[in-house]
Amino acid sequence: MLSYSSKCIKPRSFSKFSRNITIPTIGSKAKLLINGEFIDSQADTFTKVINPATQEVVSLVPQATQKELDEAVLSAQHAFKTWKKTSILSRQGVMLRFQHLIHEHLDTIAKNIVTEQGKVMNDARGDVTRGLQVVENLGGLPDYMLGTRLEVSRDMDTYTVREPLGVVGGICPFNFPAMIPLWMFPVALATGNTMVLKPSEKDPGAALMLAELAIEAGIPKGALNIVHGTKPTVEFMINDPAIKAISFVGGDAAGKAIYTGATANGKRAQCNTGAKNHGIILPDANKDHAINALVGAAFGAAGQRCMALSTAVFVGESAEWIDELVEKAKLLKVGSGFNPDVDVGPMISIDALKRAESLVESAKIEGANIILDGRNPTVEGFPNGNFLAPTIIDNVTSNMQCYQQEIFGPVLVILRANTLQEAIDIVNSNRYGNGSAIFTQSGANARLFQENIESGNVGINVPIPVPLPMFSFTGNKASFFGDTNFYGRSGINFYTQLKTITSLWRHEDVQSSKPSVNMPTMK
Ligand code: NAD
């Protein structure tokens, strides 16, 4: 029979329907999670979480005080002492219960994402599901944690064990409020670390709900702490010596600064940053599939996915399909994510919207053709939302601002090439290396693309090739700072270090004694 080896994890009664999780109420303050308790911050500075479809203030996010940040780390340090000693099977058991609870509360979390982030409901469900899959994959934890062993000499063995690092930190972006926290804390905790996690100040609700469920699943006090804030919280995490490693997902400026600061302080760091993902369309592609894939991947989630296909490279005669692409994009409905007929929700903030609009304007000034202009759409019932309808810019060249910068909105820029090789050269000249895709019916062209393309996540007739968690997310070039990727085996390696033991148990030391068959006389 399996037993729970530590006092700190007790199997909880696990009913089919667990209790309700806390949903932020209008105007409420986001709580900190420190030492297993959800507490109010003593902060005097707050960031407003704003519903991007209405401008309604959903909640207030505190800038955690120095004392609160210190307490979060202390509680994680304290919890690490016992959590690291728990058996692998008990940590796996927590993850199995956690995935069950996420399934049960998936729609509640998704609704919060629609409110705080603006995604359409089905896409918000996908956000939770892609994170949930990381937790489900931790069912294979024992295999991931296996070490190696070799008898290196007579009676001498060398073997490796994979050990946690200690307290680790996670810093999240706004665009996947459930998936990205789930790339981080379940892997960190399953491998025996404890964590201080900072959700995005723009939409922390999903991370808080997931933390509640993790506690219900059996995560002990202090193993997971949630702190809030902006740059000061991040700087604290970079500089506090108790935090041994930092996982970051977000934009270039923060990612580069965090990687540089964390590694200069001797910490491990993995920083996934910005992107400009290209889709190459060959004339031999299945036209309907290619166009549908482009429309979905460019405009879904209002273009606010790090793997959005924001750039299309039409090769040769495939450019004749551009009119059809425009017609399909026009059919997408813009509006509130709670309306089941809507395809494109609002952008996260007025600032993000203005920035995207000005990049569209810069394309016009620089000589590109705006063949579908989605600026200032009328959205019935939501006059104040941050809406940008699908926008397509043709005849873009690689020196233009709209190509150089990640727009991170529902804007597709189109370049043209004469050959596949020319298209590959365009993609490879881009500084980013997050993802790219090809649409073709030719295996030979697909192979040529796969072998020569530099991007780290590659799709062949697949528009958003985000790897499932039995693999890892392998963006490269300017899309990634670090060398050990998120989730999958790489994720396990990031949060653990190897210890290599060489032991000698000499053969001749075996005590040789004969069994006695005589009545013991105790003499
Ligand atoms: P962001 O960089 O503005 O914020 C990310 C996190 O960093 C937040 O928690 C924020 O509080 C913090 N932060 C922001 N500015 C900071 C600074 N100057 N110093 C320290 N910390 C700072 O990113 P965002 O707008 O929330 O997210 C969008 C970006 O994330 C896009 O560039 C997108 O491509 C990228 N992203 C990348 C991936 C990937 O896997 N490559 C996945 C999702 C998002």
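Quick caveat: nothing in here was measured; it's all calculated off a predicted structure. Counting starts at 1 for both ligands and their atoms, in listed order.
With sequence neighbours left out, Ala363 forms a side chain to side chain contact (heavy atoms under 4.5 Å, CB included) with Ala368, Ile393, Cys402.
Ion pairing between a basic and an acidic side chain is recognised when a charged N comes within 4.0 Å of a carboxylate O; Arg305 and Asp127 show no such pairing.
When ring centroids are compared, Tyr432 and His278 stay outside the 6.0 Å threshold.
Of the candidates Leu415, Ile371, Leu372, Ile371 is the only one forming a side-chain contact (heavy atoms from CB on, under 4.5 Å) with Asp394.
Relative ring orientation between Phe185 and Phe98 is described as tilted, the plane-to-plane angle lying within the 30° to 60° band.
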Dump all N/O pairs between ligand 1 and the protein below 3.5 Å as a table: atom names plus distance, one pair per row.
unit_1   : atom_1 : unit_2 : atom_2 : d
ligand 1 : 2 (O)  : Gly251 : N      : 2.8
ligand 1 : 9 (O)  : Cys172 : O      : 2.7
ligand 1 : 9 (O)  : Lys198 : NZ     : 2.8
ligand 1 : 11 (O) : Lys198 : NZ     : 2.9
ligand 1 : 11 (O) : Glu201 : OE1    : 2.6
ligand 1 : 11 (O) : Glu201 : OE2    : 3.4
ligand 1 : 23 (O) : Gly251 : N      : 3.3
ligand 1 : 26 (O) : Phe174 : N      : 3.0
ligand 1 : 30 (O) : Gly250 : O      : 3.2
ligand 1 : 32 (O) : Glu406 : OE1    : 2.6
ligand 1 : 34 (O) : Glu406 : OE2    : 2.6
ligand 1 : 40 (O) : Asn272 : ND2    : 3.0
ligand 1 : 41 (N) : Thr273 : O      : 2.8

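Taking all atoms of both residues into account, the shortest heavy-atom contact from Met195 to Met184 is CE-CB, 3.9 Å.
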